[in-house]
Amino acid sequence: MIEINGVSKRYGETTVVNDVSLSIPPGGITSVIGANGAGKSTLLSMVSRLLEPDSGSITVDGLDVARTRTEELATRLAVLRQENHTSVRLTVRELVSFGRFPHSGGRLTSTDHDIIDDAVEYFELTAFADRPLETLSGGQRQRAHVAMVLCQSTDYVLLDEPLNNLDMRHSVQIMRRLRRMADDYGKTVVMVVHDINFAARYSDRIVAMRDGALVAHGAVTDVMTPDVLHTVFDLDIAVHDVGGRRIGDFYG
Ligand SMILES: Nc1ncnc2c1ncn2[C@@H]1O[C@H](COP(=O)(O)OP(=O)(O)OP(=O)(O)O)[C@@H](O)[C@H]1O
Ligand SMILES: [Mg+2]
């Protein structure tokens, strides 16, 4: 369970996350949607302790994030940041191996190597495994970062726009992997995604934000409505039920 209690973040006079309270139950996929600047990354960064809230508190699995050691948190929660600042001189395999660091402390066991090999293969990175990240395309590099995060094998996975730069097939591949992690292993996935149809198709819950506040959160059918989407995006979006699924359709 992730519990966010009355969390706010300000920069100068501007409040970018405004008194957000939210419980994310264990297991399943929660997608966070919202326009640019809505506060999605700021909220995720506070949950993963990359940023400190100005007020409020956050617990993950009952642990107060502000008072938990980084090493302890890293065995429970893995995070993919929106912007990756890792050294581009690393090879793909070296980057993915970093995901095992909280477990192995730098000395990789054969289990670590198996997990790394599996991730490299699943994300179709085998052909680039020994190439420096700087020689990869944007989408290939993104897949390597996602592979690293999932190699951390944590119960909680926070992903800020994991589908960035990805073509449709690789986006689907990542979502299927996340779905399997949630369904078969009870993992709790929280992700920021801009494509509302990807969010609707693969999530159990959607959290909708606007101007640092929650607009709605709950089951896909409760949040994927023209009203909520209009509030979130300032855009007229029709919502259709097709084969039991919600599909958003925007007009010009
Ligand atoms: N270090 C900072 N100093 C001042 N303002 C900041 C800082 N970091 C973020 N902001 C502001 O906080 C607001 C929320 O930013 P955030 O990155 O959380 O948005 P977001 O919902 O993730 O948007 P996007 O979809 O573009 O990634 C934005 O208006 C942004 O300009
Ligand atoms: Mg963001």
Side-chain angles (χ1 to χ4, degrees), residues 1-9 15-48 56 58-60 79-80 82 156-164 166 168 171-172 174-183 186-252:
M1 171 96 94
I2 297 176
E3 289 195 272
I4 301 170
N5 305 302
V7 163
S8 295
K9 181 75 189 173
T15 300
V16 301
V17 170
N18 192 2
D19 196 20
V20 168
S21 293
L22 177 69
S23 289
I24 299 174
I29 300 181
T30 299
S31 286
V32 183
I33 62 168
N36 292 147
K40 305 178 298 295
S41 295
T42 306
L43 186 65
L44 245 65
S45 296
M46 291 190 288
V47 174
S48 55
I58 299 168
T59 62
V60 174
V79 57
L80 175 77
Q82 185 170 358
Y156 293 84
V157 184
L158 269 51
L159 303 156
D160 197 343
E161 300 197 29
L163 309 183
N164 241 349
L166 295 191
M168 214 170 358
S171 297
V172 167
I174 286 187
M175 292 312 304
R176 284 187 181 153
R177 175 87 168 202
L178 296 175
R179 205 52 266 171
R180 193 141 48 87
M181 284 164 47
D183 293 341
K187 308 269 185 187
T188 307
V189 178
V190 182
M191 59 184 290
V192 176
V193 52
H194 278 295
D195 186 322
I196 54 171
N197 289 325
F198 260 91
R201 168 71 179 82
Y202 291 102
S203 314
D204 300 293
R205 288 171 292 276
I206 298 183
V207 172
M209 293 183 72
R210 181 190 171 125
D211 298 335
L214 294 188
V215 171
H217 60 97
V220 171
T221 42
D222 295 334
V223 180
M224 272 284 280
T225 65
D227 265 5
V228 170
L229 295 178
H230 188 271
T231 307
V232 172
F233 294 110
D234 269 331
L235 199 62
D236 288 325
I237 301 174
V239 176
H240 306 294
D241 278 309
V242 180
R245 290 185 191 149
R246 286 272 153 121
I247 305 217
D249 183 15
F250 64 89
Y251 304 120

Stepwise side chain to side chain contact (heavy atoms under 4.5 Å, CB included) test for Met209 and Leu214: CA-CA 5 Å; Met209 293 183 72; Leu214 294 188; 4.0 Å; yes
* To do: Take Tyr156 and Val190 through the test side chain to side chain contact (heavy atoms under 4.5 Å, CB included) and record every step on the way to the result.
  => CA-CA 8 Å; Tyr156 293 84; Val190 182; over 6 Å; no
Do the side chain of [X] and the main chain of [Y] share a donor and acceptor less than 3.5 angstrom apart?
X      : Y      : result
Ser21  : Asn5   : no
Arg179 : Tyr202 : yes
Arg205 : Ile24  : no
Asp204 : Ile29  : yes

Out of [options], which one pairs with [X] under the side-chain contact (heavy atoms from CB on, under 4.5 Å) rule?
X      : options                : answer
Val207 : Val20, Leu22, Val223   : Leu22
Leu159 : Leu178, Val192, Asn164 : Leu178
Met224 : Ile33, Asn197, Asp241  : Asn197

Separation between [atom1] of [X] and [atom2] of [Y], rounded to the nearest 0.5 Å:
X      : Y      : atom1 : atom2 : result
Ile206 : Thr221 : CD1   : OG1   : 9.0 Å
Met191 : Leu44  : CE    : CG    : 10.5 Å
Ile58  : Glu3   : CD1   : CD    : 11.5 Å
Ile174 : Leu163 : CD1   : CG    : 6.0 Å
Met46  : Ser41  : CE    : OG    : 11.0 Å
Leu43  : Lys9   : CG    : NZ    : 12.0 Å

Less than 4.5 Å apart, side chain to side chain, heavy atoms only: is that true for Leu229 and Val239? yes
What is the minimum heavy-atom distance between [X] and [Y], and which atoms define it?
X     : Y      : value
Val17 : Thr15  : O-CG2, 3.3 Å
Ser23 : Met1   : CB-SD, 4.2 Å
Gly34 : Val232 : CA-CG1, 3.6 Å

For this session: Take Ile196 and Ile237 through the side chain to side chain contact (heavy atoms under 4.5 Å, CB included) test and state the conclusion after the steps.
Result: CA-CA 10 Å; Ile196 54 171; Ile237 301 174; 4.1 Å; yes
Requested in this report: Would you check, one step at a time, whether the test side chain to side chain contact (heavy atoms under 4.5 Å, CB included) holds for Lys40 with His194?
Outcome: CA-CA 11 Å; Lys40 305 178 298 295; His194 278 295; 3.8 Å; yes
Please check if the number of heavy atoms outside Arg180 that lie under 6.0 Å from its CZ is greater than 12.
yes
